[in-house]
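Computation of the quantities below employed the complete heavy-atom set of this structure, encompassing side-chain atoms and omitting hydrogens, waters and symmetry-equivalent molecules. Letters A, B, ... are given to chains in the order of the sequence lines, protein chains preceding strands, and every chain is numbered from 1.
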Amino acid sequence: MNQENEMPKAFDPQAIEAGWYARWEDAGLFIADPTSPKPKFSMCFPPPNITGELHLGHALQTAIYDVIARYRRMTGREVLFLPGYDHAAIATQNVIEKQLAREGMTKEELGREGFDARVNAWYESVGAAILDQLRLLGASMDWTRLRFTMDARYVRSVMTAFVAFYERGWIYRAPRIVNWCPHDRSAISDLEVEWEEHHDVLYFIRYPIEGGGEVVIATVRPETMLADTGVAVNPTDERYSSIFGKTAILPLLGRKLPIVADSVVEKGFGTGALKVTPGHDPMDYDIGQRHSLELINGMHLDGRMNVPGLPYDGLPALEARTKVVADLKAQGFLIKEEPYTHEVGHCDRCHTVIEPLISEQWWLRMEVMRDKALAASAVGKVRWHPERYERTYLDWLRGLRDWNIGRQLWLGHRVPVYDCENGHRIVAVERPHDCAECGSTKLEQHPDVLDTWFSSALWPFATLGWPDETEDLKAFYPTAVNSTAREIINLWVSRMIMTGLEFMGEVPFADVAIHCVVQASDGRRMSKSLGTGVDPRELLTKYGTDAVRAWAASVGMSSQDVRFDESRVEGYRRFANKLWNATRLVLSSPGTPPAGEPGTLEIHEHLEDRWVLSRLSYACTAVTAGIENFTFQDSISAAYAFAWNEFCDWYLEAVKERLREGDAVAQDVAYLCLDYVFRLLHPFMPYVTEELWSRLPGERGFAMRAAWPEGEDRFVDPAAEETFGLVMSIVDEIRGHRQAAGAPPRGGELWLEPGPGREAAELAARLAWVELLSDDSNPGTPMAAAPGWVRFPFGSGDQRRHSEIKRLREDMEKTEAKLANPDFMAKAPPEIVKKMEERAAALRVALDRLA
RNA sequence: GGGCGGCUAGCUCAGUGGGAGAGCGCUCGCCUCACACGCGAGAGGUCAUUGGUUCAAACCCAAUGCCGCCCACCA
C-alpha cells in the first residue's frame, strides 16, 4: 500500500467536494430513519427566505447546524437534519413587484392569477438555487424531507393552526392602530418596523381656546393635525390646570377639540401640551380611547391625505406638511420651528416610512401561550447559548401584546375565513362547499393573508407532518437545537416555543444557540445594497468548503459580532493543505501497514509515540467539550493545535526516519493520530477529512459514519509529556542559539549530562540537527533547559546567552519578591505558593547553568 | 428612555483571578527528499480611561468614554 504517487502535492478542494457529496447522498447517509432503535436527534434548518441567494450569514448558520448534525451521527444518534425554505410573503412580493416594475407592469394589471403564476415560477428557479448552495456547503440534510412553507401539506398545517386558535377564541378581528406600509399597502407587526434616526423640524403651533386664551402644542407632523380630535396635557401640570375641560379650536379647520388630562403626556417635552390624533399615532389612539375622543381617518392607504373638501386632500404626506405649515404661518398660528432629531419607523422589507393608521385587522391573543412559555423557561426547558440571550427573550415575552397576524398582501397563506352571501362566517381548514347555516354556496374567502412568521412559528412540527400523528412527528419531535441570529429571537424563536407548547405540549427544542452576525471588514452591515456583501460561493471556490466551514465554526458562537476577515479563511485552507501533506508523508512510509485498526501494536517503546498519543487524548477531550458546550471555537483551536503544532511540527519530525525505514509502530501511531484527527475534524471539515480517511489503509467505510473518538484516556501519559517537554525546551534553545549565532541551519555538537535519558537526548539532538557527543572535554555554550552545552561550526551563542540571563534574572526577582511578601505567603492558596517556589527553584537552576 | 455586548499585537479575534495568545501581516534565515498553501528564529501589547475589592486583576465591582445591537406609544 503506497499511495503517495496518487496524491498531488497540494490539496485541491474543488477536485473532491462534489464527488463526496454525491457519494454520501447516494449511500443514504443523510436520510433519517424514524424506526431506528438509536436515540433520535433532530434539527429543522431555519428556512431561508426564497428572495434570492444565500449570503455569508446563511453559510455560517449552515456550518453550525451541520457540525452538530455530523457530530451527533458519529456519537450514535439517528439524526434528522431537515431542510426547507420560506415563502417570505412581503419580501418575495416585493421582489416580484420590482421585476414587474422593470417590465412596466403592476400586479393589478397582471391580476391575481397571473401574479400567482409569476410567483410559482420564481419559487422554482430560486428554490433550486438556494438548495444548490446548501449542498455546496456540505450540509448533510435529508433532502427526502425537504419542506416549503407553501407546499400543500404545510399550508394545511397553517390552516389547522389558524382554525385551532380561532376555536379557542384567540383570533378576533378589530380596528386598531397599526403600522401601515403605504408601499406594500399592508399592516405589519411591531417587530417588522425598523427605526431610523431622522432630522426633522419640531413645529410649535398655537391652538386658540374657546372663550379666550390659547394653548401651544409641539409636533413634527403638522399635517396630521387635520385629523386632530383633542388636546391633552398632564393632569399634574399646573400651567394648564385652568384649561382642563375647555375646548380648543383647531387652526385651519375650526374643529372643536376637547382638552383632556392624561398622565402619559410628558410635562417636559415641547410645551407640555399635546395635540391628539387618535387615527395616526399609537399613543394618541390610547388617549382617545381613554377619553372617548372622536377618531378621524385622515389618510388613504397609499399614504395620501384623506381630507375631503380641504386643499390638502390627495396630497402625499410630505407635500401636505409643507402646505399646512405655509398656511399656519400665513395665518399666524405657527410660533416657531426647532430642529429635531428622532426615530422614525420604516418597513423592514421595503424601507418605506411607516404610517400609523386605523385599520381592521386579524389579531391573535397571546396571553395563554405567553404564560406557558414563561412557565417552560421557569423550569429550564429551554437552554440559551450564550445564556444572556434568555433575558432578551423573556423581557419581550413579558411585555407581549396581541399579535397582528393579518397582512393585506397577495402573496402568502390566505386566512381560512369564508363569508357567505347571507353574512354567515365559516372558519375551516378546507374550503367549505356551502354555508353550514344557510346552505348558500356563494362563499367568499377573506382576502387577507397571514404574517409570514405565523407559518414559520409552526416550523418544528409542521415540517414533521402535524397535525397528523406521523411517524416522523412521533420520532423526531421535539427537535434538539435551534440556531439563529439574535435579530429573530422574538420574531421567530419565541413564537416557535409558544406554538410548540400549545399544539405539541412540549418546547420545540431544548437548546437555542444564538450565533454572531458577520459584518463587512469595515464594521458596516453586510448587504448587497451597500456593496459590502461577500458572496459565499466565491469564498468556497477560492478556499474550499472546509476552510469556509472551519472559519464559520471558529467565529460563529463567539460572543460578539465578527468583522469578516478573509485571511482567517485562508488560514484554514492552509490547514487543510497541511493535513493533506501530513497524510502524504505517512502514506509514503514503505512496507505493509499495520494490520487491523491502528493503535493495536505495542506503542509504549518510544517516547515520542507515548507523548503524541497523550496529547491526542487531550485534543479529543477538548474538541468534544467544545461541541457539547456550543463553543465551537474551542474545538477548532484544539484540533488545529494538535494536528499542526504537535503532530506535524513535533511528532512527524521526530519519526520521519522511522517512517522512512518502514517502522511498523511509528506507522501505527501515525495512522492512529490521523484516524483520530480526521474523525475529530470531520464535522467541521467534512471533505478533506473524508478524502484523507479514505486513503488510509484498510477497509474503513465513510468517515462520516465513523464512531466519534472516546475512551482514549488510556493514552494519557504525564511522564512522557514531561520528558518530551524537556526535549522540546532543549531543541528550542539550540535553535535560538543557532539563529542568534548566525550559525548554519544544520550541524554542531551537543553534550548533555545524563538525566533526561539516552532516548530523549538523542531525540533532541536529531530534531536540533546537532551531533550528540559522549564527552564534554571541550565545552561550548551552556544551556538553561538542561545541564549541557551546544557548539556550532562557527558563531557564538554568547549573545543570546546574555539576553537569556537578563530575562531569567528579571523573572527571578519578581518571583522572589512574591515569596518574600508575608501577605502572599499567609493568604495565597498553598498550591500557588508551591508553584511559585518551584518556579524560583527552576529559575535558580537555569541561571546557575548559564552564569 | 431601558437593557445587552464590545474595547487585548499593524489587522481580525481567542483568552474570566496567580508568569499576555492564535491566524494573517511584518523582519531575518532556509526550496532540509510531506507541505514555500512550507520550515526555523524574531520584532510588536501601560489588555479603552479612572477608581475600588484582593496577597494577587486583561479577568471581579463602580463610574467614564467611544463602537455596535436589542427593546420602547416623548408628540
Quiz item: With a 4.0 Å cut-off on heavy atoms, is A:Lys656 in touch with a base, just the backbone sugar-phosphate, or nothing at all?
Solution: base

Quiz item: Under 4.0 Å between a side-chain N/O of A:Arg391 and OP1 or OP2 of B:C4, yes or no?
Solution: yes

Quiz item: Does OP1 or OP2 of B:G42 have a side-chain N or O of A:Arg800 closer than 4.0 Å?
Solution: yes

[N] base to [X] side chain: any donor-acceptor pair below 3.5 Å?
X	N	answer
A:Lys578	B:C35	yes
A:Gln633	B:A22	no
A:Asp565	B:G23	yes

Quiz item: With a cut-off of 6.0 Å (strictly less than), are more than 12 heavy atoms of other residues, nucleotides or ligands near CD of A:Glu197?
Solution: yes

Quiz prompt | For B:U32, the Watson-Crick or wobble counterpart (both distances under 3.5 Å) | solution = none

Quiz item: Got a salt bridge between A:Glu570 and A:Arg574, using NZ or NE/NH1/NH2 to carboxylate O under 4.0 Å?
Solution: yes

Quiz prompt | Nucleotide nearest A:Gln739 when distance is taken to its side chain, options B:C55, B:U12, B:C28 | solution = B:C28

Quiz item: Closest to the A:Leu274 side chain: B:C37, B:A75, B:G18?
Solution: B:A75

Exercise. Map A:Asp823 and A:Tyr572 onto RNA chain B by nearest heavy atom, then report which one ends up closer to the 5' terminus.
Key: A:Tyr572

Using the 3.5 Å cut-off, write out each protein N or O paired with an N or O of nucleotides 72-74 of chain B and the distance between them.
from	atom 1	to	atom 2	distance (Å)
B:C73	OP1	A:Arg401	NH2	2.8

Quiz item: Do you know which two heavy atoms are closest between A:Ala764 and A:Ile730, and how far apart they sit?
Solution: CB-CG2, 4.0 Å

